[in-house]
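Heads up, the thing below is written out as structure tokens.
Computed from a predicted model, the values in this text were never measured in an experiment. Every chain is numbered from 1, with letters handed out A, B, ... down the list of sequences.
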Amino acid sequence: MAITEYEDQIQEIVSKPDHSEFIYDFLGVYDIPRATVTKLRKGMNNLAKEAGAVYLKNKLYFREGTGDLMQDYADLQERVDELGSKPRYLLVTDYQHLLAKDTKTNETLDIEFAKLPQYFDFFLAWNGIEKADFEKENPADVRAAERFAKLYDVVVKDNPDATRKGLNLFLIRILFCLFAEDTNIFEHDLFTNRVKQMTADDGSNFDQFIGSLFGVLDFEKAQRPVDTPSWLNDFPYVDGDLFKDQHESLHFSAKSRKLIIEAGELLKWDQINPDILGSMIQAVASEDSRSHLGMHYTSVPNIMKVIKPLFLDGLREDFEAAKDNEDKLQQLYDRIGRIKFMDPACGSGNFLIITYKELRQLEIDILIELNNIGVSTMYVPSVTLDQFYGIEIDDFACDVTRLSLWIAEHQMNVKLHRQISDAVRPTLPLQHAGAILQADSLSVDWNSIMQVDLNTEAYVFGNPPYVGHSKQTTNQKKMIRKIFTGISGSGYLDYIAGWLELGFRYILGKRAKIAFVTTNSIFEGEQVAILWPHILEKLQIHFAYQSFKWKNNAKGNAGVTVAIVGLQNKNDKIQCHLYGDQGFKCVNHISPYLIEGSDDVVEDLSLPLSPRPEMQFGNKPTDGGGLIFNDEEYNEAISKYPELKRYLRRYVGSDELVKGKRRYVLWLSEHDVKALSNNPLVQSRLDIVRSARLKSGTPSTKQWASKPYMFKQIAPYYKKQSLHGYVVVVPAVSSENREYIPMGYLSNEDTILNNRVYGVFDASLWLFAILQSRMHLVWVDRVGGKLETRYSYSSGICYNAFPFPVLTERKKAELEEYALRILDIREELGGSLADMYGTPCAKTNAKPMNLRLRDAHQALDKAVDRAYRSNNFPDNNSRFELLMSLYKEEQGGISNE
DNA sequence: TATCCGACACGGA
DNA sequence: TCCGTGTCGGATA
């Protein structure tokens, strides 16, 4: 049952004029068998003897109040203490007030009877859910957002012709009123009470009411019309742009009015976290993102990963250093009031809110420290909302950001007063909240939004959207093209690269720094050489978080692995902080691969660095599955049509190569297809291919619908008449948890490689030895592409750009012996490569690599190492350094020719 | 024509 | 529902 349903059902029960059935109705809301409640109603299993009491074994001891509720509660407690087995809950109520106790956690509840719906979770142990767990899963923000989604739906349905802007503004204002009446900005419950008193049950005059109310909130009391009725005049002056625009007339029903009242009565707005609420509310209003409610909001821990290294750690260090020194403290106090902050993809403003709160806390801490050293001055605010800037394309999100900033400000004002009693910052009238601009961030000049001179301390940060090159919309591609004019290969960049580039230009030569949460793919594989060289000519990475899996508290988490990068103008003196799985390291330089090292990048080469057999990309069917047969389909096909056996070849992709999965593929020539024109199975398969290709939006795929019997792309090797010899097969994607990437050395006969493996055809064993070596793995690991954190092998970067050692015939023969040994052991062991190579890092079922196989690999590794240099490599870093210097040497040689 | 990648996709505990 | 690990075909050069 949804949260709102519990609340609604209990609301109905407490609203009944007659409470005689209360406890039975209440139990009925929870997972207590209906039969049990029915029996209880009839008194059959009620173990209590006294009147007005209900004792349900193990679950509840209930008593109606007899006048003095506290005394009744104490009596009940005494009675229960005598019992052998305690009921989980004690509950007494006179239907005005309610006292309850959870005998397991010893938590108590002391509330007005009417507020019971808000506290339904107190009794969730009846459903087997502990309150602590529930609170963790469903904080006040989530519950508020769910309730708001309901209200939004009803209001939208009642107002099909209303503008988005009008609706959104209405919602934001209602949210503000609800928050204000729970947090002493307004008199307690003022808004909800006025709604109840002044509007008709059917909602007919609600619009009029809300129109007058919103109108009044924008005026100071002195400026309001003299005839303003007192029920309106009780509301204070709010301002802050929130109520400036005229309320757009809307239609309300009994239902929407009720939902608003319930939102006021059932939710604990004082417990709202503006950072999370914003994301939730925003998701509610944009229908397209409703399905992944709050999927992309950045969690507070992740925001801290950005802002701490970017500026917060530094400010805190300066604070520590300034303690005991009035001048320094005062300087820091003034400084934090001048720093400017911008999130150019602010969404509902989480980064800005967290930053604002942290700065306000620092302000408080400085004041306390000043007080401690005996300096007491009148409170003058330092940090203000107008230091905060944001750009966001969604107009509602902009409104939510402004609202959330106000909520954050109020919360910090309360905190200030609590910690320093003579310091007061009034929340009303609302402060001007920076510039939160509704715009496409990539098409506006950031300088015109947040103007800074060369000496202004400024920080730009956020979590902009990621879209891979093949998934971008036409408009997104256009923006990236435009921004990266003159950069070759820019069509391959992720959408987020636009933010990196604009951020780079914004801070260039200024006293400003940037840091973003980004998809890790801009630090791996092909994008590195396209994006980073021109940026790192002028800037340096001063801190970074290496890849980690994206996570927040939303229901369906986005599937992506992210990294964090901080950039600033070059400054040789600073130490860089590189954060990885094991905390952080101070290093001299962070490379664009987010490892310690130089800014050298590896390009995606179309030809090998040195003469060697070429690596070919496998065959790509683009067939909608029509040409492919799994084991079962294959057996069925050849038993029904034995003549098909010669056309069905072993189909090898990464899955087949590594896990030993078996699939087959129809491999037909034009001649073959004519011969099979009467075979119904073949014809039905070709129909699948034809229709799948016709459905494609890609013109070239559509064209291939006329040749459904052929793969859309065939590797050059397969265009030869016959297949023979051996091929080194490399899986395009494979797990990073294995000690080696398992590669194959397969006979070519009968084998069709697909587009998820690469092949070096007619290859000698020494080539297999090189590719299977640790030297090569280190290269692939550091500069190759990744799918999340898997290896994503590519011929251009991993093979063509890999510097091969110079090999004598004798050395080749030696390597082949080691390779042969590996192949022999594999054959002896049998089973799949995945079994033999194990998954040593997996948490469960950790399966080690076969020891004999590992020994053979280590012997081969040593032999390959020695082909590069005679002295040992102490570690993989030194292997990589050598490879990178060889690459630069050889690549430089090529481009100078 | 030949890839390199995916705010992923999917099967198994 | 989380965890482990690789499909499939688009868009680019």
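- For A/Lys712 against C/dG10, no side-chain N or O and base N or O form a donor-acceptor pair under 3.5 Å.
- Look at CZ on A/Phe711: it is 14 Å from P on C/dT7, rounded to the nearest Å.
- Of the listed residues (A/Arg663, A/Arg650, A/Lys661), just one forms a side-chain hydrogen bond (donor to acceptor under 3.5 Å, both in side chains) with A/Glu656, and that residue is A/Arg663.
- In this structure, A/Gly796 reaches the sugar-phosphate backbone alone: every heavy-atom distance under 4.0 Å involves primed, P, OP1 or OP2 atoms, never a base.
- Side-chain atoms of A/Ser441 come within 3.5 Å of backbone atoms of A/Pro344 as a donor-acceptor pair (strictly under, hydrogens ignored).
- Geometric assessment of A/Arg782 against the ring of A/Phe880 yields a positive cation-pi assignment under the 6.0 Å and 45° thresholds.
- Straight-line distance from the OH atom of A/Tyr495 to the P atom of C/dA11: 17 Å, rounded to whole Å.
- Considering only side-chain N and O atoms, A/Ser795 lies under 4.0 angstrom from the phosphate OP1 or OP2 of B/dC4.
- With A/Ile741 as the partner, the side chain to side chain contact (heavy atoms under 4.5 Å, CB included) test is satisfied by one option alone out of A/Val733, A/Leu777, A/Leu771: A/Leu777.
- Atom-to-atom, CD of A/Glu526 to C1' of C/dA11 comes out at 11 Å; the value is rounded to the nearest Å.
- What separates CD of A/Gln472 from C1' of B/dC5 is a distance of 12 Å, to the nearest Å.
- For A/Thr701 and C/dG10, the shortest distance from a side-chain N or O to OP1 or OP2 is below 4.0 Å.
- Mapping A/Ser696 and A/Asp655 onto DNA chain C by nearest heavy atom places A/Asp655 closer to the 5' end of the strand.
- For A/Val733, taking side-chain heavy atoms from C-beta onward, the closest of the listed nucleotides C/dT7, C/dG10, C/dA13 is C/dT7.
- Atom-to-atom, CD1 of A/Ile487 to P of C/dA13 comes out at 13 Å; the value is rounded to the nearest Å.
- Here the side chain of A/Ser654 pairs a donor or acceptor atom with the backbone of A/Ala732 at under 3.5 angstrom.
- For B/dC8 and B/dC4, the P atoms lie 23 Å apart once the distance is rounded to whole Å.
- Counted within 6.0 Å of NZ on A/Lys695, heavy atoms from surrounding residues, nucleotides or ligands total 12 or fewer; the atom is thus considered open.
- Nearest-nucleotide mapping onto DNA chain B: of A/Asp604 and A/Ser700, the residue sitting toward the 5' end is A/Ser700.
- At a cut-off of 3.5 angstrom, the base of B/dA2 holds no donor-acceptor pair with the side chain of A/Asn755.
- Across all strands, A/Lys477 comes closer than 4.0 Å only to sugar-phosphate atoms, never to a base (heavy-atom distances).
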Can you give me the N/O atom pairs linking the protein to nucleotides 9-11 of chain B at distances under 3.5 Å, or say none if there are none?
none

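- Taking side-chain N and O atoms only, A/Thr622 has no distance below 4.0 Å to OP1 or OP2 of C/dC8.
- Look at A/Tyr758 and you'll find a side-chain N or O under 4.0 angstrom from OP1 or OP2 of B/dC4.
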Should A/Phe617 and A/Tyr758 be marked as a ring-ring contact (aromatic ring centres under 6.0 Å, His included) after you check the CA-CA gap, both sets of side-chain angles, and the distance that decides it? CA-CA 5 Å; A/Phe617 189 74; A/Tyr758 293 85; 5.5 Å; yes

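- The gap from the C1' atom of B/dA7 to that of C/dA13 amounts to 26 Å, rounded to the nearest Å.
- Remark: A/Tyr740 engages A/His857 in a ring-ring contact (aromatic ring centres under 6.0 Å, His included) (not counting sequence neighbours).
- Base contact: A/Pro464 has a heavy atom under 4.0 Å from a base atom.
- Annotation: cation-pi pair A/Arg685/A/Phe629 present, NZ/CZ under 6.0 Å from the ring centroid and within 45° of its normal.
- Exactly one of A/Leu666, A/Val665, A/Ile714, A/Leu627 qualifies for a side chain to side chain contact (heavy atoms under 4.5 Å, CB included) with A/Ile752. That residue is A/Val665.
- As judged by a 4.0 angstrom heavy-atom cut-off over every strand, A/Ser734 is placed among residues touching the sugar-phosphate backbone only.
- Contact annotation: A/Asn737 side-chain N/O to C/dT5 OP1/OP2 distance is under 4.0 Å.
- In DNA chain C, runs of at least 3 consecutive Watson-Crick or G-U pairs, each pair with both distances below 3.5 Å, span B:1-6 with C:8-13, B:8-13 with C:1-6.
- OP1 or OP2 of C/dA11 lies within a sub-4.0 Å distance of a side-chain N or O belonging to A/Thr698.
- Atom CG in A/Leu605 sits roughly 15 Å away from atom C1' in B/dA2 (whole-Å rounding).
- Considering only side-chain N and O atoms, A/Ser654 lies nowhere under 4.0 angstrom from the phosphate OP1 or OP2 of C/dG6.
- Counting non-hydrogen atoms of other residues, nucleotides and ligands closer than 6.0 Å to NZ of A/Lys478 gives a total of 12 or fewer.
- The CD-P distance, from A/Gln527 to B/dC5, rounds to 8 Å in whole Å.
- Between A/Ser490 and A/Ala732, the one whose closest nucleotide on DNA chain C sits nearer the 5' end is A/Ala732.
- Taking atom NZ of A/Lys659 as the reference point, atom P of C/dT7 lies 8 Å away to the nearest angstrom.
- Contact annotation: A/Ser521 side-chain N/O to B/dG6 OP1/OP2 distance is under 4.0 Å.
- Distances shorter than 4.0 Å separate none of the side-chain N or O atoms of A/Arg663 from OP1 or OP2 on C/dG6.
- Residue contacts shown for A/Asn463 include a base, since a base heavy atom lies under 4.0 Å away.
- Closest to the side chain of A/Pro716, out of B/dA2, B/dA7, B/dG6, is B/dA2.
- Residue A/Arg756 has a polar side-chain atom (N or O) positioned under 4.0 Å from OP1 or OP2 of C/dT7.
- Around CD of A/Glu636, the count of heavy atoms belonging to other residues, nucleotides or ligands within 6.0 Å does not exceed 12.
- Checked against B/dC4, C/dC8, B/dA7, the side chain of A/Asn754 finds its nearest nucleotide in C/dC8.
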